[in-house]
Structure formats: structure tokens, C-alpha cells
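Please read the structure below before turning to the comments.
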Amino acid sequence: MIFVFVFCLLFLLLSAVGVGTRGKFALSKSVSGKSAYCSREMTASVNGYFLTTVFMTHIIQYLDEFVFNQADLYYLQVNKCLGQLIVAMFLFYSGYGIMESIRQKEGYIRSFPGKRILPFVVYFEVAALIYLVFSCAMGNVPTVGFAIKTFFAWETLGNSNWYVFAIMYLYLATYVVFRCMETKIFKKMPLIIGVAGVVFLSFVYILWMRHAGKGGWWYDTILCYSTGMLFSLCRKRVEKIISGSLGKLYYIGAILIVTGVFAYFYQIRLERKLFFIILSAIFSVLIVFITMSFRGYNRVYCYIGKNLFPFYIYQRLPMIFFKDSLAKVNAVLYLFVCAIFTAMISFLMIRFYRWLKKYLP
């Protein structure tokens, strides 16, 4: 499995250095421009890559230890080192994109419930229903109470519910805070106050999840979202600094400082959970700085990143289906079969969601 992980990483890195940018069927293309690292294509490519690491992380949860060979054990160590950092950019880019829309699109926050929250809820409810039917067909019939909780993403029948619940909370927090920012009392205040409000509600979420007894993965990347919002506010200033006469020096200095801070918090991350929450936010900033000069735009990853929800939420269906057969035979074979079926299911659901969106306000 370590070879699959390395291949996926190289697939992105080779795109960043310009390999495969020419020809009719080129898998990548050159990305230029001062702000191109935060373009829709680039952010989708980065998300697409990290989704492959999420896929592999989920795969190993269904494998028995005896099917791993020595190379697979190396990947288990890599996976252990990465942990929840693999989802940090999903939240960061989500917060960044929403803040960019708030800044640039008049009336965006007022249309937020219908344009952003409602489609996300509908898409998830469809997924929850599919998982319920699938679970019953597999002989795992839940109680009525448990089934109802799955439709609120509080419990799961296999799908990754924690991410859906966290995003829904952050969307609602964003809407409440920035609607308040449009009132007479807060209207003249800078947007940074709104971001501070989202940060405050993020800490409320952390306390809520800890009190509810949820695992650390429910909240340990939550601050990446508001970190993305904050970066949206200061992006132009950062770009101006690193594009000046001493820009390269400042850029290298920033990379070194962020890397140093990341290394420090990485060493102490196990002492307290708050340290990992900070670490994940720092990691997202580090990735953004790296992509400023190392732009790995890749068409395959871009497609996956632009359709993140279907690829993310439905990947466990084939994993569950084949866990008692292929998962007990060969780890790599199980991975490739699940990848093929995940792609097939995701393509179908992408088309279905596009059709469904026509009937949403």
C-alpha cells in the first residue's frame, strides 16, 4: 500500500513540475498568476489528492492485520503520522471559499441557506437513506431511534458522519454570525469580527463534542475552517509582501517559521487535544504556503475535488460490501476493487445530484 500512496503523491508532484501538461489528453496543466494557488482548480486538486489519503485511511479500517505485508506496515506508520491532518484542507478551503463569496458577492449570506445549506442537507439525506437501505440489505437492521439519528449525522451506518455534522454546524454558525454582521449594531465593524465569532462558536462546538463523548476526530480539525476565512481576509496583504523586492526572502522565512511551529506542536500533540487542534490549523497554512510556488494542478484530482462529497461519502459502500471477502485475502486487491466501485458509484451520484439540484431553490 505504501507504493499506492507514493504513486498518488507523485501523480500530484509531477503535475506541479509540468509533467503531462501538453497534448490533447494531458492530465495536468500549468497554473500561473499570483493568486492561482487559491484558484478553484488548484484548491480542488489539493482536495482531490487528500481524498486519496482519506480513502486509504478508510481502507485499512476494514483490513485484518494478517493480510498486511512489510510494505503495507510502512504505510500504516505513514498513516499514523498523518492522522486527521488529511482532512484539514477540506475545512480550510471551505472556510476560505465562503469568506471569498461573502466579501465579493452582494447578498451572498442572505442566500446562504438556500444556495449552500439546503443542497448539502438534501445530498446528505439521500446518502443517509442509501446507507440505511444498504445496511438493512446486508443484515444490519438498526433500531428506529438509531436510524433517525443517522439522518442528523449524529450516528452512522458506515458513512463518515462526523464531517457532515461539523460542516453543517460551521455553515449554520457562519450564517448566524454574518447575518448579525449585517445589523445596524455590527454593520460598520470589520469582517474580522465575524471570523472571531465563528472561532468562538467553533470552541463551543469543541466543548459540546467533548461533553457528548465524541471522539477527537469530531472536532480536532474544526479550526481549519475559520483559519481559511482568516486567510481570505489577509491573502492580498500576504501576496503583496512576498511579491516585493525581498519577497523570496520573506517567503522562505515564512515557510521556515510555519514549519518550525508545526514541528513544535507536532511533537507535543499527544499531551493535550488542544495542541492537535492548533496543529491542524498550522498544517493547513503550511500547505497553502507550499502551493504558492508548487502548484500541482491535476485534472483527475481536480475532478475528484470538485465533486468531493460523492467521492467522500460513498467510498465506504464497497469497503463494507467486500470486507468479508477481498479484505481477508489481499490488501492491495481490496483497495483497487473498492476504488473502481467508488468511482462508479460516485459518477452515478454526481449525475443524480446534478439532476436533483434543478429542483432545489
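Using a 4.5 Å heavy-atom threshold, the side chains of Met56 and Asn79 count as separate. The closest side-chain heavy-atom distance from Arg354 to Asn307 is below 4.5 Å. In this structure, Arg351 and Leu348 have side chains that are not in contact, with every pair of non-hydrogen atoms separated by 4.5 Å or more.
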- Query: Is there a side-chain hydrogen bond (donor to acceptor under 3.5 Å, both in side chains) between Arg116 and Tyr175 once you walk through the steps?
  - Reply: CA-CA 10 Å; Arg116 192 82 177 223; Tyr175 177 70; over 6 Å; no
Between Phe92 and Tyr225, is the ring pair (Phe, Tyr, Trp, His ring centres under 6.0 Å) condition met? List the steps. CA-CA 5 Å; Phe92 179 92; Tyr225 179 87; 10.0 Å; no
List the steps, then state whether salt bridge (charged side-chain N to carboxylate O under 4.0 Å, His left out) holds for Glu182 with Arg110. CA-CA 10 Å; Glu182 293 183 343; Arg110 274 168 280 177; 3.8 Å; yes
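Listed here is the closest heavy atom pair of Leu201 and Tyr169: O-OH, 2.7 Å. Considering every non-hydrogen atom in both Ile313 and Ser160, the closest pair reads CD1-O, 3.9 Å.
A 6.0 Å sphere centred on CZ of Phe200 holds no more than 12 heavy atoms belonging to other residues, nucleotides or ligands. No more than 12 heavy atoms of other residues, nucleotides or ligands sit less than 6.0 Å from atom OH of Tyr250. Surrounding NZ of Lys306 are more than 12 heavy atoms belonging to other residues, nucleotides or ligands, all under 6.0 Å away.
Linking Ile, Leu, Val, Met, Phe, Trp and Tyr residues whenever their side-chain heavy atoms come within less than 4.5 Å places Ile192 and Leu223 in a single cluster. Put simply, Phe347 and Tyr353 are part of the same group of oily side chains (I, L, V, M, F, W, Y) that touch within less than 4.5 Å, one to the next.
Between Tyr301 and Phe11, the ring center distance clears the sub-6.0 Å criterion. Ring to ring, Tyr219 and Tyr205 are not that close: their centroids are 6.0 angstrom or more apart. A ring-centre distance under 6.0 Å is not found for Phe165 and Trp162. Residues Tyr108 and Phe112 place their aromatic rings such that the two centres sit under 6.0 Å apart.
Residues Glu41 and Arg299 are not paired through a salt bridge, judged by the lack of any N-O separation under 4.0 Å between the basic side chain and the carboxylate. Ion pairing between Arg103 and Glu100 holds under the 4.0 Å rule for side-chain N and carboxylate O.
To the nearest 0.5 Å, atom OG of residue Ser232 and atom CD of residue Gln104 are 7.5 Å apart.
Using the six-membered ring where Trp is involved, Phe283 and Phe262 have ring planes that are tilted, between 30° and 60° apart. Aromatic ring pairs are classed by plane angle as parallel below 30°, tilted from 30° to 60° and perpendicular above 60°; the pair Tyr75 and Phe5 is tilted. Classified by interplanar angle (parallel below 30°, tilted 30° to 60°, perpendicular above 60°), the ring pair Phe309/Tyr314 is perpendicular. Relative orientation of the Phe289 and Tyr251 rings is tilted, given thresholds of 30° and 60° on the angle between their planes.
A donor-acceptor distance shorter than 3.5 angstrom exists from the side chain of Ser101 to the backbone of Gly97, with no hydrogens or angles considered. A donor-acceptor pair under 3.5 Å is formed between the side chain of Tyr334 and the backbone N or O of Met319. The backbone N or O of Asp220 sits less than 3.5 Å from a side-chain atom of Ser280, completing a donor-acceptor pair. For Ser135 (side chain) and Asn140 (main-chain N/O), a donor-acceptor pair under 3.5 Å exists by modelled atom type.
Of the listed residues (Phe55, Phe336, Phe322), just one forms a ring pair (Phe, Tyr, Trp, His ring centres under 6.0 Å) with Phe341, and that residue is Phe322. With Tyr171 as reference, Phe120 is the one residue of Phe124, Phe178, Phe120 to meet the ring pair (Phe, Tyr, Trp, His ring centres under 6.0 Å) rule.
Cation-pi check for Lys214 over Trp208 is not met; the charged atom does not lie both under 6.0 angstrom from the ring centroid and within 45 degrees of its normal. Geometrically, Arg269 engages Tyr266 in a cation-pi contact, judged by NZ or CZ lying under 6.0 Å from the ring centre and within 45° of the ring axis.
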